[in-house]
Amino acid sequence: MVKIKSVKGRQVFDSRGNPTVEAEIFLENDLSSSAISPSGASTGAFEAHELRDNDKNKFLGKSIYNAVANINDKISKSLIGLESDDQENIDKVLLDLDGSDNKKNLGANATLAVSLANSKCSALSNKKSLYNYLGNDYSLPIPLMNIINGGAHADNELNIQEFMIRPDSAKNFTDAIEKSYLVIQNLKKLLKLNKMLTNVGDEGGFAPSIDTNEQALDLIVNAIEKSNLEPGKDIVICLDVAANELINEKGEYSIQSKNFTSVEDNINYYKKLIANYPIKSIEDPFAEEDWESWKKITNEIGKTVQIVGDDLFVTNSKRLSKGVKEKTANSILVKPNQIGTLTETLKVISIAKAANFNTIISHRSGDSEDTFIADLAVATMSSQIKTGSLARSERVAKYNRLLRIEEELGNQAKMAKI
């Protein structure tokens, strides 16, 4: 058992150029490792608190010096001398030290960076790959690859936030990447042919000036076919609606256009899209407190479509347990920074798996070169990983890590099942 010698926090920057927290842990055996907390743009109200200074004179209020100070003072003093291998104890100390329900005192961006850095240190100290340290059995996740951005992730007229592809017929992870690559490159050609911009949004997907959801879906189906792949078999389409951003005070949604319509109209609209396009997954079809609408859509289409709770569950065991009991979804998006420690993240994954929910390990729109979630997806045998398009190095870093893991596992490598 190796003890923690010191803990260091610092301000670094995420992929949107905003300040974020990095923590580095040093062990008594002279090993060290660091982790960086990501940051979301489309965030749920029930996520753990991201502590920012809100001083307009420092990085327009986005600096995180107070979170860094918490690491260098309170957290460091509490963790020095503790055994790094005891992750649950490390995370319990962080929770007790914060003392709030949502990490508002220390900041979830501070606690997460420390928690993940510690697990990396323990893996190094035990001379294991991170995924090998975190789990006992492994599978490579199927990528949910963002290829067209809308909503809060792009400056266009699309209300649905993400249009993604999933290479369901992939034999292995390398094959999954190749199939996705072909569709992305053919989509790029189609956009150019239609004199549309091929600039990319926060998560690497294209952000062209598209007016309707159907126009985006038609382009994706066309790109799949031009790749000599079969829509609905080789490649399916997955949506992230991010409906929190699209609800008004009357409980109506502007998912189809700028006009707000009833819940029932929007469920019928989803059914129409599913009938006309090879859509197999819908994330956040309704807002985070609209539990009845979630139950209704899961009951009506959940047998054939993956209904994914992100803002609904925010990687929170209490909210997930409610969702399991009330059958409000059949899948969960897992974002460690929504809850703030590794132990709590693993607990949520365990609850989801016990309920036969699909677990999808996810990045954030403001991410970094940190590849922790790739190892987490493999170690927890999560069915999918959502980490953006095959563009922007902070997204590609996760795919490259998964390719290395596949190579390391060799004949033991297998794809996850959905």
Side-chain angles (χ1 to χ4, degrees), residues 128-147 162 164-185 203-204 220 223-224 227-240 278-283 303-308 330-335 345-346 349-350 352-363 371-390 395-418:
K128 291 183 175 182
S129 294
L130 182 56
Y131 69 87
N132 184 238
Y133 179 72
L134 293 174
N136 298 312
D137 199 3
Y138 323 107
S139 61
L140 277 297
I142 300 174
L144 278 173
M145 205 167 278
N146 182 338
I147 62 172
E162 296 178 45
M164 297 168 283
I165 53 171
R166 193 179 70 196
D168 279 10
S169 69
K171 300 183 185 75
N172 51 51
F173 194 76
T174 302
D175 186 39
I177 292 294
E178 183 175 6
K179 283 182 166 64
S180 301
Y181 170 84
L182 291 171
V183 176
I184 290 166
Q185 294 305 313
E203 298 183 356
I220 294 171
I224 294 169
S227 304
N228 294 317
L229 297 168
E230 185 178 337
K233 181 182 177 183
D234 295 314
I235 303 284
V236 302
I237 297 174
C238 305
L239 305 177
D240 176 8
I279 295 168
K280 290 297 181 183
S281 178
I282 303 177
E283 178 186 330
K303 287 184 174 63
T304 57
V305 177
Q306 183 173 255
I307 307 298
V308 185
N330 56 31
S331 307
I332 181 173
L333 207 69
V334 177
K335 297 174 174 174
T345 302
L346 293 174
I349 293 171
S350 178
K353 285 181 171 292
N356 292 317
F357 271 45
N358 287 337
T359 54
I360 306 164
I361 308 301
S362 178
H363 64 164
T371 62
F372 183 90
I373 62 169
D375 285 75
L376 180 65
V378 173
T380 56
M381 301 185 75
S382 290
S383 62
Q384 295 145 84
I385 188 167
K386 182 182 174 186
T387 187
S389 191
L390 203 57
R395 316 295 155 181
V396 176
K398 280 73 164 174
Y399 296 127
N400 287 341
R401 174 60 185 154
L402 288 164
L403 290 169
R404 294 185 191 105
I405 292 173
E406 182 171 66
E407 181 184 90
E408 188 174 315
L409 287 172
N411 293 333
Q412 292 180 302
K414 59 187 177 185
M415 291 298 287
K417 295 179 181 179
I418 296 178

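None of these values were measured; they are calculated from a predicted model.
Contact between Glu283 and Leu333 at its shortest, heavy atoms only, is OE2-CD2, 3.3 Å. Residues Ser389 and Ile184 come closest through the heavy atom pair OG-CD1, 3.6 Å. Across every non-hydrogen atom of Leu376 and Thr345, the tightest pair is CD2-CG2, 4.2 Å. Annotation for Asp234 and Ser169: closest pair OD1-OG, 2.8 Å, computed over non-hydrogen atoms. Taking each heavy atom of Ile373 and Ser362 in turn, the nearest pair found is CD1-C, 3.8 Å. Taking all atoms of both residues into account, the shortest heavy-atom contact from Met415 to Ala170 is CG-O, 4.3 Å.
The CD atom of Glu230 lies 12.0 Å from the CG atom of Asp168; values are rounded to the nearest 0.5 Å. Note: Ile147 CD1 to Ile220 CD1 = 4.0 Å, rounded to the nearest 0.5 Å. Atom CZ of Phe173 and atom CD1 of Ile385 lie 7.0 Å apart (nearest 0.5 Å). For the atom pair CE (Met164) and CG (Leu239), the distance works out to 7.0 Å, reported to the nearest 0.5 Å. Separating the CD atom in Gln384 from the CZ atom in Arg166 is a distance of 4.5 Å, to the nearest 0.5 Å. Taking CD of Glu203 as the start and NE2 of His363 as the end, the distance is 3.5 Å to the nearest 0.5 Å.
The salt bridge (charged side-chain N to carboxylate O under 4.0 Å, His left out) contacts involving residues 408-418 comprise Asp137-Lys414, where partners must be two or more places apart or lie in separate chains.
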Pair Tyr138-Ile405, side-chain contact (heavy atoms from CB on, under 4.5 Å): steps then yes or no: CA-CA 10 Å; Tyr138 323 107; Ile405 292 173; over 6 Å; no
Ile349 and Ile361: CA distance, side-chain angles, deciding distance, side-chain contact (heavy atoms from CB on, under 4.5 Å) verdict: CA-CA 9 Å; Ile349 293 171; Ile361 308 301; 3.9 Å; yes
Worked verdict on Gln306 versus Ile360 for side-chain contact (heavy atoms from CB on, under 4.5 Å): CA-CA 11 Å; Gln306 183 173 255; Ile360 306 164; 3.6 Å; yes
Criterion side-chain contact (heavy atoms from CB on, under 4.5 Å) on Val378 and Leu140, from CA distance to verdict: CA-CA 5 Å; Val378 173; Leu140 277 297; 4.1 Å; yes
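Screening Leu229, Leu144, Ile235 for a side-chain contact (heavy atoms from CB on, under 4.5 Å) with Pro167, the sole residue that qualifies is Ile235.
Taking the side chain as every heavy atom from C-beta outward, Val334 and Thr380 never approach each other to under 4.5 Å. Between Tyr181 and Ser227, the closest side-chain pair of non-hydrogen atoms is not below 4.5 Å. For the pair Val236 and Ser281, the minimum side-chain heavy-atom distance is 4.5 Å or more. Counting heavy atoms from C-beta outward, Lys280 and Ile418 have side chains that stay 4.5 Å or more apart.
Looking only at distances, a side-chain donor or acceptor of Ser180 sits under 3.5 Å from a matching main-chain atom of Ala176. Within the 3.5 Å criterion, the main-chain N or O of Thr174 finds a donor-acceptor partner in the side chain of Glu406. Judged by distance alone, the side chain of Tyr131 and the main-chain N or O of Ala374 form no donor-acceptor pair under 3.5 Å. Without hydrogens or angle criteria, Asp175 side chain to Lys171 main chain gives a donor-acceptor distance under 3.5 Å.
Ion pair Lys386/Asp240 flagged as a salt bridge, since at least one NZ, NE, NH1 or NH2 atom sits closer than 4.0 Å to an Asp/Glu carboxylate oxygen.
By the side chain to side chain contact (heavy atoms under 4.5 Å, CB included) test, Ala352 is found to be paired with Leu320, Ile332, Phe357, Thr359, residues two or more places apart in sequence or in another chain being considered.
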